[in-house]
Amino acid sequence: MTDEEFEAFYAHSVRALVGQVYLMTGDLHEAQDVVQEAFVRAWARRSRLERDAGPEAWVRTVARRLAVSRWRRRGRAAEAWRRHHGERAGTAPAPDPGTVALVAALRQLSERQRRVTVLHYVCDLSVQQVAAETGIAAGTVKSHLSRARAALAPHLDDTTASDLDLGGAP
C-alpha cells in the first residue's frame with residue numbers, strides 16, 4: 001500500500017473503527033487511543049498491507065488487542081490503588097443517551113458475544129467474515145448472535161435496538 005493509499009484508507013475508515021472499538025470497549029477515549037496506536041502500527045507496515053486483504057480488519061484486531069492489554073494493566077493498577085489508597089473515582093458518562101444505553105446493554109454480554117455482535121451488526125460483517133476474524137466457527141458465531149439478541153432485547157428500547165438491527169436472524 002502506498003503512502004497515498006494509506007492516507008485514503010485512514011481518512012475513510014478511522015471514524016468507523018473508533019465507533020466499532022468504542023462499542024466493544026465501552027470507553028470512547030480508550031477507543032480513540034487504541035485505534036490511533038493501531039494505525040501507527042499499520043503505517044509502519046503499510047508496504048505489507050494489501051487493500052484487498054482487509055487492512056481494516058487488521059487495524060480493528062490490533063486495536064482490540066491493545067484495548068484488552070490496557071484493560072488488564074488498568075485492572076492491576078486499580079487493584080494496587082485500592083489496596084493502598086482506597087477506591088478510585090468513577091469515569092465521566094458518555095454524552096449521547098442512546099449510545100450510553102447501547103454500551104450499557106452490550107456490557108451485559110460476555111466479551112466474546114459483545115465482539116461478535118459488534119462485528120456483525122455494527123461492522124456489517126457476514127457470519128463467515130466474523131468467524132474468520134475471530135477464529136470462531138460459523139455455527140458458534142450464529143449461536144453467540146442469537147444469545148446476544150435474546151440478552152440485549154430487555155435492555156434496549158425499539159430505537160436503540162434498531163441501531164443494531166436486532167430484529168432478525170443473523
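Nothing fancy with the numbering, it's 1 onward along the sequence.
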Quick one: closest heavy-atom pair of Leu119 and Cys123, and the distance? O-CB, 3.2 Å

Report, as yes or no, whether the 6.0 Å neighbourhood of atom CZ on Arg147 holds more than 12 heavy atoms from other residues, nucleotides or ligands. no

Side chain to side chain contact (heavy atoms under 4.5 Å, CB included) assessment of Phe39 paired with Leu17: CA-CA 10 Å; Phe39 269 110; Leu17 284 166; 3.6 Å; yes

With a sphere of 6.0 Å drawn around CZ of Arg112, does it hold more than 12 non-hydrogen atoms of other residues, nucleotides or ligands? no

On a heavy-atom basis, the closest approach of Tyr121 and Arg149 is OH-NH1, 2.7 Å

Taking Val21's backbone N and O only, do any of them form a donor-acceptor pair with Thr25's side chain (distance below 3.5 Å, no angle check)? yes

Taking salt bridge (charged side-chain N to carboxylate O under 4.0 Å, His left out) as the definition, give me every residue that meets it alongside Glu37, ordered by chain and number, with sequence neighbours left out. Arg41

Could you walk me through whether Leu109 and Leu106 pass the side chain to side chain contact (heavy atoms under 4.5 Å, CB included) check? CA-CA 6 Å; Leu109 303 177; Leu106 286 168; 3.9 Å; yes

Nearest 0.5 Å, please: how far is OG1 in Thr61 from CD in Glu56? 10.5 Å

For the student: nearest non-hydrogen atoms of Arg46 and Phe6, plus distance: CB-CD1, 3.9 Å

Would you indicate whether the side-chain heavy atoms of Val34 and Val62 approach each other to under 4.5 Å? no

Donor-acceptor pairs under 3.5 Å, side chain of residues 129-136 to any protein atom, not counting sequence neighbours: which ones?
from	atom 1	to	atom 2	distance (Å)
Gln129	OE1	Ser126	N	2.7
Gln129	OE1	Ser126	OG	3.4
Glu133	OE1	Arg60	NH2	2.9
Glu133	OE2	Arg60	NE	2.9
Thr134	OG1	Val130	O	2.8
Thr134	OG1	Ile136	N	3.3

What heavy-atom pair brings Val127 and Ala138 nearest, and what distance separates the two atoms? CG1-O, 3.6 Å

Any donor and acceptor pair, going by atom type alone, linking the side chain of His144 with main-chain N or O of Val116 inside 3.5 Å? no

Minimum heavy-atom distance Val59-Ala42, with the two atoms named: CG2-CB, 3.9 Å

In Å and rounded to the nearest 0.5 Å, what is the CH2 to CD distance from Trp43 to Glu7? 5.5 Å

Check whether any side-chain heavy atom of Gln32 lies under 4.5 Å from a side-chain heavy atom of Tyr22, and answer yes or no. no

On a heavy-atom basis, the closest approach of Gln113 and Ala148 is NE2-N, 4.3 Å

Identify, with sequence neighbours excluded, every residue that meets side chain to side chain contact (heavy atoms under 4.5 Å, CB included) alongside Glu111. Arg64, Arg114, Arg115

Determine, stepwise, if the pair Tyr10 / Gln36 fulfils side-chain hydrogen bond (donor to acceptor under 3.5 Å, both in side chains). CA-CA 10 Å; Tyr10 175 86; Gln36 286 302 319; 2.8 Å; yes

